[in-house]
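All remarks here apply to the structure that follows.
We number each residue from 1, following the sequence as shown. Just so we're clear, the structure is a prediction, and the values are computed from it rather than from any experiment.
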Amino acid sequence: MTDANSRSIVSNQPGLHDKLDEIVLKHLSAEFKKPIAAHTQAAFDQVNEKVHAFNGPIILDSCCGVGESTANLAKRHPEALVIGIDKSSHRLDKHDIKYKQTDTGQYILVQADLNDFWRLAVAANWQPTHHYLLYPNPWPKAKHLQRRWHGAAIFPFIVKLGGRLELRSNWDIYVKEFARALELAGHPCQVERYEHDVPITPFERKYWASGQQSHRLVINL
């Protein structure tokens with residue numbers, strides 16, 4: 001499949017999920033007690049040492065995939081340490097050596113489960129200045145609402161991490177649902193079309209080449 005043939009999202013949901021408010025409010029009022037996986041704890045401990053040793057802003061690039069977005073964000077924020085996190089070693093192993101530049105920004109890539117990593121970051125009192133969630137994670141079938149970040153039990157920890165949160169997707173309903181979840185958490189924000197001359201992730205490049213639109217929300221938490 002070429003970049004220009006990227007398929008659009010297909011969903012049996014015409015709008016916001018009818019159980020969205022109920023599920024988000026349940027998670028906002030509940031305690032997330034799932035044990036932390038040992039491998040994510042170990043990965044976090046290594047990164048946490050670097051965070052404490054770094055005298056500057058910390059930026060999170062969650063679901064970073066092959067890390068192209070992480071490298072590009074490091075170039076945009078040369079004063080910061082950008083941490084790219086993805087659960088897939090297969091994706092991270094594809095990280096191109098050309099992005100490993102120290103003269104135009106500092107970044108590290110971590111293999112970890114974000115359901116655990118975010119909780120550990122909150123417990124360690126990380127205070128990222130920016131938090132990027134750049135594609136994909138839509139889970140577009142209605143029955144999979146709780147696999148979307150805003151419908152999952154981890155959602156309150158995304159809010160607790162704070163910083164300037166930026167979420168992008170090629171599925172507008174996903175972004176609108178996330179905005180509604182933030183509103184329920186006391187942080188209303190706007191959803192907008194996102195266009196730029198230069199894509200910073202492989203998904204962004206693929207979607208735009210096939211004529212799909214990006215949507216985003218940006219909010220200071």
Using every non-hydrogen atom in the two residues, find where [X] and [Y] come nearest and quote the distance to one decimal.
X      : Y      : result
Gly67  : Leu109 : CA-CD2, 4.1 Å
Ala124 : Phe44  : CB-CZ, 3.7 Å
Val191 : Ala179 : CG2-CB, 3.7 Å
Glu79  : Pro57  : O-CD, 3.3 Å
Gly162 : Leu221 : CA-CB, 3.7 Å
Asn115 : Ile154 : O-CD1, 3.2 Å

Using side-chain heavy atoms (C-beta onward) and a distance below 4.5 Å, is [X] in contact with [Y]?
X      : Y      : value
Glu192 : His215 : no
Tyr132 : Ser69  : no
Asp61  : Ile83  : no
Ile59  : Pro128 : no
Lys75  : Asn72  : yes
Leu145 : Ile23  : yes
Phe117 : Val110 : yes
Ile200 : Arg168 : yes

Mind checking salt bridge (charged side-chain N to carboxylate O under 4.0 Å, His left out) for [X] and listing every partner two or more places apart, or none if nothing turns up?
X      : result
Arg147 : none
Lys87  : none
Glu195 : Arg193
Arg91  : Asp86

>> Using the side chain to side chain contact (heavy atoms under 4.5 Å, CB included) definition, which of the options Ile85, Val47, Val51 pairs with Ile108?
In response: Val47
> Of the options Val218, Val175, Leu134, which is the one that meets Leu167 in a side chain to side chain contact (heavy atoms under 4.5 Å, CB included)?
Replying inline: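 Among Val218, Val175, Leu134, the one that satisfies the side chain to side chain contact (heavy atoms under 4.5 Å, CB included) with Leu167 is Val175.
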> Any salt bridge (charged side-chain N to carboxylate O under 4.0 Å, His left out) pairs touching residues 118-144, not counting sequence neighbours?
Replying inline: Asp116-Arg119
Let me confirm one number: the [atom1]-[atom2] distance from [X] to [Y], rounded to the nearest 0.5 Å.
X      : Y      : atom1 : atom2 : value
His77  : Gln106 : NE2   : CD    : 13.5 Å
His27  : Glu22  : NE2   : CD    : 10.0 Å
Asn170 : Ser214 : CG    : OG    : 6.5 Å
Leu161 : Ile58  : CG    : CD1   : 12.5 Å
Leu165 : Cys189 : CG    : SG    : 8.0 Å
Asp18  : Leu20  : CG    : CG    : 9.5 Å

Listed by chain and number, what are the ring-ring contact (aromatic ring centres under 6.0 Å, His included) partners of [X], not counting sequence neighbours?
X      : answer
Phe155 : Phe178
Trp118 : His131, Trp149
His144 : Trp139
Tyr174 : His150

>> With side-chain contact (heavy atoms from CB on, under 4.5 Å) as the criterion, how do Val66 and Leu92 come out once you've worked through the C-alpha distance, each side chain's angles and the decisive distance to 0.1 Å?
In response: CA-CA 5 Å; Val66 297; Leu92 292 171; over 6 Å; no
>> Could you work out, with side chain to side chain contact (heavy atoms under 4.5 Å, CB included) as the rule, every residue matching His52, not counting sequence neighbours?
In response: Asn48
>> Tell me every residue that passes side chain to side chain contact (heavy atoms under 4.5 Å, CB included) with Pro188, counting only those two or more places apart in sequence or in another chain.
In response: Glu183
>> Using side-chain contact (heavy atoms from CB on, under 4.5 Å), reason through His187 and Val159 one step at a time and then give a plain yes or no.
In response: CA-CA 9 Å; His187 301 279; Val159 179; 3.7 Å; yes
>> Assess the residue pair Glu49 and Phe54 against the criterion (side-chain contact (heavy atoms from CB on, under 4.5 Å)); give the C-alpha distance rounded to whole Å, side-chain angles, the decisive distance to 0.1 Å, and a yes or no.
In response: CA-CA 9 Å; Glu49 285 185 20; Phe54 185 74; over 6 Å; no
> Any Lys/Arg nitrogen of Lys206 or Glu204 sitting under 4.0 Å from an Asp/Glu carboxylate oxygen of the other?
Replying inline: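 Not counted as a salt bridge, because no side-chain N and carboxylate O are separated by less than 4.0 Å.
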> Under 6.0 Å from the six-membered ring centre of Tyr194 and within 45° of its axis: does the NZ or CZ of Arg216 meet both?
Replying inline: no
> Pairs in or reaching into residues 32-43: which pass side chain to side chain donor-acceptor pair (under 3.5 Å), with residues at least two apart or in two chains?
Replying inline: Gln41-Asp45
